[in-house]
Amino acid sequence: MFLPVSFNEALSQSVKNNWNRNSMSDYGEVTFQYKDVARIIAKLHILYEEAGIKKGDKIALCGRNQSRWGIAFLATMTYGAIVVPILPDFHPEQIHQITNHSESKLLFVSDQIRKKINPKEMPNLIGILGTEDYQVVYSENERVINARQNLNKLFGEKYPDSFRPEHISYHKDEREELAMINYTSGTTSNSKGVMIPYRAIWSNVEFGYEKLGDELKPGDQILSMLPMAHMYGLAFEFIYEFTRGIHVNFLTKMPTPAILLKALSDIKPRIIICVPLILEKIVRKAVLPKIKDPKIRILMNLPIVGDQIKKRICQGMQEALGGNFYEAIVGGAAINAEIESLLKDIGFNYCVGYGATECAPILAYEDWKLFKKGSCGKAVPRMTLKIDSPDQQNIPGEILAKGDNVMLGYYKNEEATAETLVDGWYHTGDLGIIDAEGNVFIKGRSKNMLLGANGQNIYPEEIEDKLNSLPMVLECVVIQKGEKLYALVYPDMEQVKALKLGEDDLKAIMEQNRKDLNTQIPAYEQISGIKIMEQEFEKTPKRSIKRFLYKDEEI
């Protein structure tokens with residue numbers, strides 16, 4: 001297999017080699033072939049140039065998953081500008097903050113986002129364009145307005161005899177050159193803009209060639225359901241696939257079980273990238289009902305009959321996921337142990353990977369045929385993993401990583417960079433062990449990050465910070481139960497007594513706090529309920545709450 005030498009060269013070669021193939025679709029709506037994508041990229045390059053955008057300028061993207069989001073992303077990279085993906089679920093204030101902090105010159109937004117944001121809060125922007133048709137939705141800059149109004153005319157003048165593969169000329173990227181700033185947090189006080197170089201993106205693409213190249217071929221299909229602004233979905237549901245000539249289908253609606261199962265049935269993806277919750281939902285829908293009968297469970301333990309039953313159950317699970325995939329790669333969080341044991345028992349073709357935004361994102365992976373249950377694979381090519389522990393096979397310690405995938409640092413945050421990158425080693429903040437064969441087992445996430453139903457990173461401390469400022473809240477902990485978030489609150493008892501508040505009064509205040517809090521945070525961080533705690537939270541000597549004691553608190 002021919003392997004290009006850089007990321008933008010890979011994009012160029014893929015467009016030329018797959019000119020007449022389908023490239024990306026908004027599921028059930030519109031489809032773009034690779035030649036369509038190339039033509040739109042060329043138009044956006046003209047727009048950037050006419051608007052005064054230079055190589056190295058930042059361009060932000062905020063919107064739902066859709067083909068034109070992906071095309072704008074590719075156009076920015078191939079122009080030599082730096083792309084800043086922003087989760088569409090962020091609160092408008094967070095979008096303003098990230099756009100300003102990144103010093104973005106242009107902002108692409110979907111219709112839903114456009115109605116929420118205030119252009120006046122982002123004074124450095126020279127223009128805001130809609131992702132649906134790239135029309136200017138806000139600009140006081142004549143160059144931007146004129147560039148968009150005259151775009152078709154300018155394109156016709158530049159390519160009078162139609163746009164052909166030989167016209168493709170993309171920015172020549174360098175290994176250490178900054179390609180993307182991906183924000184792990186939406187608040188200015190804690191915002192961490194991960195600076196991802198071309199080296200890291202290309203290394204992740206190479207990983208795809210090396211580990212999946214024999215199974216995914218040009219013309220195959222994949223379903224993109226994770227947020228595009230999230231590095232996991234961006235890298236392995238879009239970027240790698242585009243370089244391989246694969247047809248990416250964007251699920252533009254919320255992935256409810258009914259919508260998701262129909263899309264999987266229609267598209268029949270060749271590989272499935274998902275978070276544990278999606279796989280667990282399908283197991284509970286397609287597998288568990290079949291093995292509730294005690295007789296079936298007994299038969300499953302018999303040598304020959306049991307194998308046949310397990311095979312049929314596995315086939316049913318595979319059919320529910322489209323019936324055409326090589327493997328399902330689970331990432332973002334640990335999979336439920338009981339569900340994983342069942343998947344392994346029936347011979348289901350799954351594996352669990354491990355990554356971080358700071359590594360664009362892959363750190364560990366193993367093919368499903370060799371994957372060891374309970375692990376998250378082995379260190380991927382060009383990456384070295386070790387445990388900060390006197391005995392990395394038996395004593396958990398922080399997982400450290402070094403190699404091509406590691407970020408340059410955090411944008412405008414030297415202090416956080418110095419804490420996280422030490423002598424070239426990326427300190428993940430996760431605790432784990434590595435066995436004799438090199439399999440990585442995560443034992444805890446010291447970062448306390450939670451994972452939303454659609455793959456969004458949730459940082460409970462940020463929610464708690466806002467809740468702690470509301471009436472009668474002395475301290476709190478946010479926990480996750482399935483898909484929902486709940487807050488455990490220990491009230492300010494001195495105020496409660498001083499105001500002579502009863503139990504019903506306190507419940508009413510907390511319910512109002514919940515409603516007020518939810519107006520300040522993204523949809524995927526919404527709090528479903530507040531439980532009032534009778535005693536102060538247990539703390540460490542440093543006065544940090546022992547969070548692990550409360551993660552299984554009954555609501």
Check: [Y] main-chain N/O paired with [X] side-chain donor or acceptor under 3.5 Å:
X: Gln392; Y: Asp388; answer: no
X: His427; Y: Glu419; answer: no
X: Asn204; Y: Ala360; answer: yes
X: Asn124; Y: Glu103; answer: no
X: Asp391; Y: Gln393; answer: yes
X: Glu280; Y: Ile339; answer: no
X: Arg514; Y: Gly529; answer: no
X: Asn65; Y: Met228; answer: yes
X: Asn100; Y: Glu121; answer: yes
X: Lys412; Y: His101; answer: yes

Tell me, do [X] and [Y] make a side-chain contact under 4.5 Å, heavy atoms counted?
X: Met180; Y: Ile201; answer: yes
X: Glu398; Y: Asp430; answer: no
X: Arg68; Y: Glu132; answer: no
X: Leu261; Y: Ile282; answer: yes
X: Ile479; Y: Glu553; answer: yes
X: Leu431; Y: Ile442; answer: no
X: Leu501; Y: Ile509; answer: yes
X: Leu400; Y: Thr428; answer: no

> Would Tyr232 and Glu237 count as a side chain to side chain donor-acceptor pair (under 3.5 Å) if you check the C-alpha gap in whole Å, the side-chain angles of each, and the deciding distance to 0.1 Å?
Replying inline: CA-CA 8 Å; Tyr232 179 33; Glu237 286 184 337; over 6 Å; no

Compute the centroid of each ring, for [X] and then for [Y], and state whether the two points are separated by less than 6.0 Å.
X: Phe325; Y: Phe348; value: yes
X: Phe537; Y: Tyr550; value: yes
X: Tyr183; Y: Phe90; value: no

Write down the atom of [X], the atom of [Y], and the distance for their closest heavy-atom approach.
X: Val248; Y: Ser224; result: CG1-CB, 3.9 Å
X: Ile95; Y: Met122; result: O-SD, 4.5 Å
X: Cys62; Y: Pro88; result: SG-CA, 3.8 Å
X: Val330; Y: Val275; result: CG1-C, 4.1 Å
X: Leu61; Y: Ala72; result: CD2-CB, 3.6 Å
X: Leu226; Y: Gly455; result: CD2-CA, 4.3 Å

>> Applying side chain to side chain donor-acceptor pair (under 3.5 Å) to Asp516 and Gln520, what does each step give before you reach the verdict?
In response: CA-CA 7 Å; Asp516 292 342; Gln520 303 175 42; over 6 Å; no

Taking everything shown except [X] itself, do over 12 heavy atoms lie less than 6.0 Å from its [atom1]?
X: Lys551; atom1: NZ; answer: no
X: Asp504; atom1: CG; answer: no
X: Glu414; atom1: CD; answer: no
X: Lys253; atom1: NZ; answer: no

Are side-chain N/O atoms of [X] and [Y] paired as donor and acceptor at under 3.5 Å?
X: Asn468; Y: Glu475; value: no
X: Gln66; Y: Thr131; value: yes
X: Glu140; Y: Tyr138; value: yes
X: Lys58; Y: Tyr411; value: yes

Euclidean distance, [Y] [atom2] relative to [X] [atom1], rounded to 0.5 Å:
X: Asn182; Y: Met195; atom1: CG; atom2: CE; value: 13.0 Å
X: Ser389; Y: Asn394; atom1: OG; atom2: CG; value: 8.5 Å
X: Leu488; Y: Glu464; atom1: CG; atom2: CD; value: 9.0 Å
X: Asp492; Y: Leu506; atom1: CG; atom2: CG; value: 10.5 Å

> Where do Ser67 and Asp26 land on the side chain to side chain donor-acceptor pair (under 3.5 Å) test, with the steps shown first?
Replying inline: CA-CA 6 Å; Ser67 298; Asp26 296 341; 3.0 Å; yes

> What residue among Glu340, Lys344, Glu327 forms side-chain hydrogen bond (donor to acceptor under 3.5 Å, both in side chains) with Tyr350?
Replying inline: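 Result for side-chain hydrogen bond (donor to acceptor under 3.5 Å, both in side chains) with Tyr350: Glu340.
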
> side-chain contact (heavy atoms from CB on, under 4.5 Å) with Ser375: which residues, sequence neighbours excluded?
Replying inline: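 Ser375 satisfies side-chain contact (heavy atoms from CB on, under 4.5 Å) with Phe371, Lys372, Asn439, Phe441 once adjacent residues are dropped.
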
Looking at [Y] and [X], is there a salt bridge between them, counting it only when a charged N and a carboxylate O are closer than 4.0 Å?
X: Lys466; Y: Glu461; result: no
X: Asp266; Y: Lys262; result: yes
X: Glu503; Y: Lys507; result: yes

> Can you list every pair that meets salt bridge (charged side-chain N to carboxylate O under 4.0 Å, His left out) and has a residue in residues 478-488, with sequence neighbours left out?
Replying inline: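 Of all non-adjacent pairs touching residues 478-488, those that pass salt bridge (charged side-chain N to carboxylate O under 4.0 Å, His left out) are Lys281-Glu483.
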
>> Could you walk me through whether Glu358 and Tyr426 satisfy the side chain to side chain donor-acceptor pair (under 3.5 Å) test, starting with their C-alpha distance in whole Å, then the side-chain angles of each, then the deciding distance to 0.1 Å, before giving a yes or no?
In response: CA-CA 8 Å; Glu358 286 85 348; Tyr426 163 57; 3.2 Å; yes

